[in-house]
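A quick write-up on the structure given underneath.
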Amino acid sequence: MNFLLSTAFVLTWSSGFIGAKLGAGSASAVTVLMWRFLPLAVVLGLVALLLSRAAWRGLTARDVGRQAAVGALSQSGYLLTVYLAIQLGVSSGTTALIDGTQPLVAGALAGPLLGQYVSRTQWTGLGLGVAGVVIVTAADFSQGGATPAWAYLIPFLGMLSLVAATFLDRRAPRPVAPSVAMTVHCATSAVVFTGLALASGAATPPAEASFWGAIAWLVALSTFGGYGLYWLILRRSGVTQVNTLMFLMAPVTALWGALMFGEPFGPQTVAGLAVGLAAVVVVRRGGRAVRAGREAGRAGREARNSAPHAAPTPSPGRGLSEEESAAPAPRARTGR
């Protein structure tokens, strides 16, 4: 099941970069984003009103406000930067590369902010993943062209926005049902992008069928698929595990762009894809080792607590013989 969810997530999240390029050919970024979220927010609102009232029971205004902030960061801020970058000429593969640095940032912050241990093995995998996405799109950086240099900074802002949303959600005092989170996030994005489109005079959609095809693509694959699976896998597997899959976005997007738009796909992309796959394997193995160590430690504590009359185990150097005190203590496996 985890493999299937991970595969679906990589494909549907990558589809967002392709959909952004499809929409950029017929309308501005805010126009595409407004019509992506406005009808969707209406539909999700009706579903919440008629079918999923139970999921909303017990929620406070603070819970809803937190989810609105998460949606503003993870959808509005993130997507606006991705669409603007692609509209300015940054390739879909390069945008995916910059977003691919997100796991390194999230992994570095997971310990101090969430108290989640990141093993040396997992750090090795994270570094390997960065190498993979750099290999995939290094050629695009060297080509330059008409794209201004500052445009490459825009996706970094989106990446940081998504990282901030991830930690804000993980620090919530209690979980919120995915259907509720999706509804609040999409409603927030609908308000933000409709306001931006009206303010810039870009609210009127074009009549081209390609525009509405791009909208359908983005709603079905990117929103319900990629965005929904992101939060599902995040809550099932944790920050490090779900963000490791982001390393696969750049090579998958590059391959997809080659098939749909004739973008270059050479040996560098193939090598990057292989390195990205290796990174996922390394990080997942490190995560299993960490969980095994935690479970062993938890089992040991439970065993000690279940024997209240047992004599306490002496610490090394206290009440032990000289030979026992000098012997090294066994070390639990932690994936390092």
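Residue numbers start at 1 and run along the sequence shown.
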Open item on the list: Side-chain heavy atoms under 4.5 Å apart, restricted to Ile/Leu/Val/Met/Phe/Trp/Tyr: what other residues fall into the cluster of Val184, or is it alone?
Closed with: Trp56, Leu59, Val64, Val176, Val180
TODO: Scan for side chain to side chain donor-acceptor pair (under 3.5 Å) pairs involving residues 68-86, sequence neighbours excluded, and state none if there are none.
DONE: Trp13-Tyr78, Arg36-Tyr83, Ser74-Tyr227, Gln75-Ser189, Ser76-Ser189, Tyr78-Asp99
TODO: Quickly, which of Thr183, Val219, Leu218 forms a side chain to side chain contact (heavy atoms under 4.5 Å, CB included) with Leu40? Name it, please.
DONE: Val219
Distance-only check: which donor-acceptor pairs under 3.5 Å involve side-chain atoms of residues 253-262, not counting sequence neighbours?
| unit_1 | atom_1 | unit_2 | atom_2 | d |
| --- | --- | --- | --- | --- |
| Thr253 | OG1 | Met249 | O | 2.6 |

TODO: Using side chain to side chain contact (heavy atoms under 4.5 Å, CB included) as the criterion, list what pairs up with Ala216, not counting sequence neighbours.
DONE: none
- [ ] Please list, chain by chain and in numerical order, all residues satisfying side-chain hydrogen bond (donor to acceptor under 3.5 Å, both in side chains) with Ser161, sequence neighbours excluded.
- [x] none
TODO: With sequence neighbours left out, write down each residue that passes side chain to side chain contact (heavy atoms under 4.5 Å, CB included) with Leu49, or none if nothing qualifies.
DONE: Arg53
Task: Residues clustered with Leu157, ILVMFWY side-chain links under 4.5 angstrom - done: none
TODO: State which residues pass side chain to side chain contact (heavy atoms under 4.5 Å, CB included) with Ala151; sequence neighbours excluded, sorted by chain then number.
DONE: Leu88, Val90, Thr147, Pro148
TODO: With sequence neighbours excluded, give me every side chain to side chain donor-acceptor pair (under 3.5 Å) pair touching residues 199-210.
DONE: none
Task: Minimum heavy-atom distance between Ile233 and Leu245, given as atom pair plus value - done: CD1-CD1, 4.4 Å
Task: side chain to side chain donor-acceptor pair (under 3.5 Å) contacts in which one or both residues fall within residues 61-72, not counting sequence neighbours - done: Thr60-Asp63, Asp63-Arg174, Gln67-Asp169, Gln67-His185
Open item on the list: Could you measure the distance from the OG1 atom of Thr95 to the CZ atom of Phe156? Nearest 0.5 Å is fine.
Closed with: 10.5 Å
Task: salt bridge (Lys or Arg N to Asp or Glu O under 4.0 Å) pairs, two or more places apart, involving residues 13-26 - done: Lys21-Glu263
Open item on the list: When you measure from the side chain of Thr31 to the backbone of Ala202, do you find a donor-acceptor pair of N or O atoms at a distance under 3.5 Å?
Closed with: yes
Task: Other ILVMFWY residues reachable from Val42 by side-chain steps of under 4.5 Å - done: Leu46
